[in-house]
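Have a look at the structure below before the remarks.
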Amino acid sequence: MNIVTLSVTSRDDVTRRALAAFGGEAQGAHHSFASPDLLWQTLTRKRWDLIQAMTGQGVMSIREAARRVGRDMKAVHGDVQALIGAGVIHKEGRGIVFPYDGVHVDFMLTKAA
């Protein structure tokens, strides 16, 4: 199964993972956010619904994505552009794709300082 991990990760952790990958250690697919605020700003509820509808489905048109989430195509187009800009989904030919069969979200909440 092709799974991506979405995480809140420090720059040091991203660097450590990159160096390990350069050293030949498999890292799997990751998309890291610098803070929980950035994660939630990027992955709004409606965008999360869109990702869920696209998971494991291959390339589809924005019109089809909008149909699957029951939303207006113009509104979905805006969310698609935001997710493409964040590198979460990709353009492929004349369509869009979230190229994973599963999503793992990984971050830790700790007490406020």
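Remark: I62 CD1 to K74 NZ distance equals 13.5 Å, nearest 0.5 Å. With rounding to the nearest 0.5 Å, the separation of CD1 in I51 from CG in L43 is 5.0 Å. The OG1 atom of T42 sits 10.0 Å away from the CG atom of L6 when rounded to the nearest 0.5 Å.
Taking both residues in full, the closest heavy atoms of T55 and G102 are given as CG2-N, 3.7 Å, listed atom of the first, atom of the second, then distance. Contact between N2 and P99 at its shortest, heavy atoms only, is ND2-O, 2.7 Å. Annotation for A65 and I96: closest pair CB-CD1, 4.2 Å, computed over non-hydrogen atoms.
Enclosure of atom CD in Q52 is not indicated, since only 12 or fewer non-hydrogen atoms of other residues, nucleotides or ligands lie within 6.0 angstrom.
You'll find the side chain of I84 reaches within 4.5 Å of the side chain of K91, heavy atoms only. Looking at heavy atoms from C-beta onward, V103 lies in side-chain contact with F98 at the 4.5 angstrom threshold.
Scanning for salt bridge (charged side-chain N to carboxylate O under 4.0 Å, His left out) contacts around D49 gives R45, with sequence neighbours left out. With sequence neighbours excluded, the residues that form a side chain to side chain contact (heavy atoms under 4.5 Å, CB included) with A82 are R47. Remark: R71 engages D79 in a salt bridge (charged side-chain N to carboxylate O under 4.0 Å, His left out) (not counting sequence neighbours). Remark: I3 engages M1, H104 in a side chain to side chain contact (heavy atoms under 4.5 Å, CB included) (not counting sequence neighbours). Listed by chain and number, the residues in a side chain to side chain contact (heavy atoms under 4.5 Å, CB included) with D37 are S35 (sequence neighbours excluded). Under the side-chain hydrogen bond (donor to acceptor under 3.5 Å, both in side chains) criterion, E64 pairs with R67, R68, not counting sequence neighbours. Qualifying side-chain hydrogen bond (donor to acceptor under 3.5 Å, both in side chains) partners for T5, counting only residues two or more places apart in sequence or in other chains: none.
Residues V59 and M54 do not share a hydrophobic cluster, defined by chaining ILVMFWY side chains whose heavy atoms lie under 4.5 Å apart. Taken together through direct or relayed side-chain contacts under 4.5 Å among Ile, Leu, Val, Met, Phe, Trp and Tyr, V69 and L83 form part of one hydrophobic cluster. Taking hydrophobic clusters as Ile, Leu, Val, Met, Phe, Trp and Tyr residues chained together by side-chain heavy-atom distances below 4.5 Å, I89 shares a cluster with F33.
Screening residues 37-93 for ring-ring contact (aromatic ring centres under 6.0 Å, His included) gives W40-F107 as the qualifying pairs, with residues at least two apart or on separate chains. Each salt bridge (charged side-chain N to carboxylate O under 4.0 Å, His left out) pair with one or both residues in residues 98-108, not counting sequence neighbours, would appear here, but there are none.
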